[in-house]
Amino acid sequence: MDRDATAVDVQRVVEAIERAGLKANPIPGSERTAIGITGNRGAVDPVAFENLPHVLEVIRVSHPYKLVSREFHPEDTVVSIGGVPIGGNAIVVIAGPCAVETLEQTLTIAHAVKERGARLLRGGAYKPRTSPYSFQGLGEEGLKILAEARAETGLPIVTEVLDTATVELVARWADCLQVGARNMQNFELLKAVGRSGKPVLLKRGMSATLEEFLLAAEYVLAEGNPNVVLCERGVRTFSDFTRNTLDLSIVPAVERLSHLPIVVDPSHGTGKRTKVLPMSLASVAVGADGLAIEVHHKPEEAWSDGPQALTPALFGDLMEKLRPVAEAVGRTL
Ligand code: PEP
Ligand code: MN
């Protein structure tokens, strides 16, 4: 729609799309509203819509993902997580423990990362563990601990939801629902978080192609939820010196194809404490909109992912070293 289009003009086009038996997906932008058309099996004749008042242009989206593509929505999307914008000029750092263990542990870490410049608190209450004998998370008790940490620090919460059965419960406590790498193609979960109304942090599956990653995000947008932040967290390769291979080249690739913000998780991406700082700097240098970093005040005692956790001191050092890199690429921290 052009920039003078009113809500009534948008509604008129939505109704015309629906009369043609198609689905209309309005996505408001800062300049203008775009209306994505989905549900078509073949090509749609643009003539039916292009002469309606305030329709600026009808664009054919050539990719299988429509709503996430830049063809459909050229301007960058800025996702607000509890009032913290991701995808604008400022780099946003999400930090916290791998898992919520105790109230004291979570509060200690939350205060430590807040003091050092983190804008969002992460921490898993539901943990997707490779072994059924590993700590599975505190569940609802963990969500309450996160909410207490939010109340004390003011940091909005990003936490993982593992299945459709707990989406409503997790959405009641969280500011952002994380869909983990192992669930990137859990299509029913993607639809459920799409209906939840909460922003979603979608992690790349460990063997997912760029197209599969963007189509997973498309599932969420197709449910009417435009607030998706993508997260590169490393993929499985033959490399034997890190836990995963952090594929930073996907950052500029995503930026070219999609309007959605993308953050990088160098903690799971490398699995090693010493590699988190250099890969964080590199992530910002290649254009990431933010970072997700695991921090623990006693990494050697962490119930999960201790080897990749930064201490608060190392996290502080990272934040200081990140600033000049952010500035060098025209961003703020
Ligand atoms: C996590 O962020 O704690 C996590 C389990 O990550 P991933 O899904 O990327 O393995
Ligand atoms: Mn972890």
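Order of listing sets the numbers, starting from 1, for every ligand and every atom in it. Each residue takes its place number in the sequence, starting with 1.
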Enquirer: Name whichever N, O or S atom of Asp305 ends up nearest to the Mn ion (ligand 2).
Expert: OD2
Enquirer: Number the atoms of ligand 1 from 1 as they appear, then name those within less than 4.0 Å of a heavy atom of Arg122, with their elements.
Expert: 1 (C), 2 (O), 3 (O)
Enquirer: Test salt bridge (Lys or Arg N to Asp or Glu O under 4.0 Å) on Glu15 and Arg12 and set out the steps.
Expert: CA-CA 5 Å; Glu15 281 164 16; Arg12 189 183 303 112; over 6 Å; no
Enquirer: With a 4.0 Å cut-off on N to O distance, would you call Arg122 and Glu294 a salt bridge?
Expert: yes
Enquirer: Closer than 4.0 angstrom, basic N to acidic O: yes or no for Arg204 and Glu232?
Expert: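 Answer for the salt bridge query: yes.
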Enquirer: What protein heavy atom lies closest to atom 8 (O) of ligand 1? Include the residue and the distance to one decimal.
Expert: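 Protein heavy atom at minimum distance: Ala181 N, 2.8 Å.
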Enquirer: Hey, what's the ring geometry for His73 with His259, parallel, tilted or perpendicular (30° and 60° as the breaks)?
Expert: tilted
Enquirer: Where do Thr153 and His111 land on the side chain to side chain contact (heavy atoms under 4.5 Å, CB included) test, with the steps shown first?
Expert: CA-CA 6 Å; Thr153 61; His111 282 294; 3.7 Å; yes
Enquirer: Hey, is CZ on Arg236 packed in by over 12 heavy atoms from elsewhere, all under 6.0 Å?
Expert: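 No, the 6.0 Å shell around CZ holds no more than 12 heavy atoms from other groups.
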Enquirer: Of the listed options (Met206, Arg233, Glu294, His268), which comes nearest to atom 10 (O) of ligand 1 when hydrogens are ignored and any heavy atom counts?
Expert: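 Selected option, by shortest heavy-atom distance: Arg233.
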Enquirer: Is the shortest distance from a heavy atom of Arg204 to ligand 1 less than 4.0 Å?
Expert: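 Distance cut 4.0 Å: Arg204 fails for ligand 1.
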Enquirer: Kindly give the atom name of the N, O or S atom of Glu294 closest to the Mn ion (ligand 2).
Expert: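 Of all N, O or S atoms in Glu294, the Mn ion (ligand 2) lies closest to OE2.
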Enquirer: Between Lys127 and ligand 1, does any nitrogen or oxygen pair lie at a separation below 3.5 Å?
Expert: yes
Enquirer: Would you mind running through ligand 1 and noting each atom that sits below 4.0 Å from a heavy atom of Gly180?
Expert: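 Those qualifying, in numeric order: 8 (O).
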Enquirer: Starting from atom 6 (O) of ligand 1, find the nearest protein heavy-atom neighbour and note its residue, name and distance.
Expert: Lys203 NZ, 3.0 Å
Enquirer: Tell me whether Arg182 has any N or O atom under 3.5 angstrom from an N or O of ligand 1.
Expert: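 Yes, since at least one N or O of Arg182 sits under 3.5 Å from an N or O of ligand 1.
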Enquirer: May I ask whether Val235 and Val264 are part of the same hydrophobic cluster, defined by side-chain heavy atoms of I, L, V, M, F, W, Y residues being less than 4.5 angstrom apart, directly or through others?
Expert: no
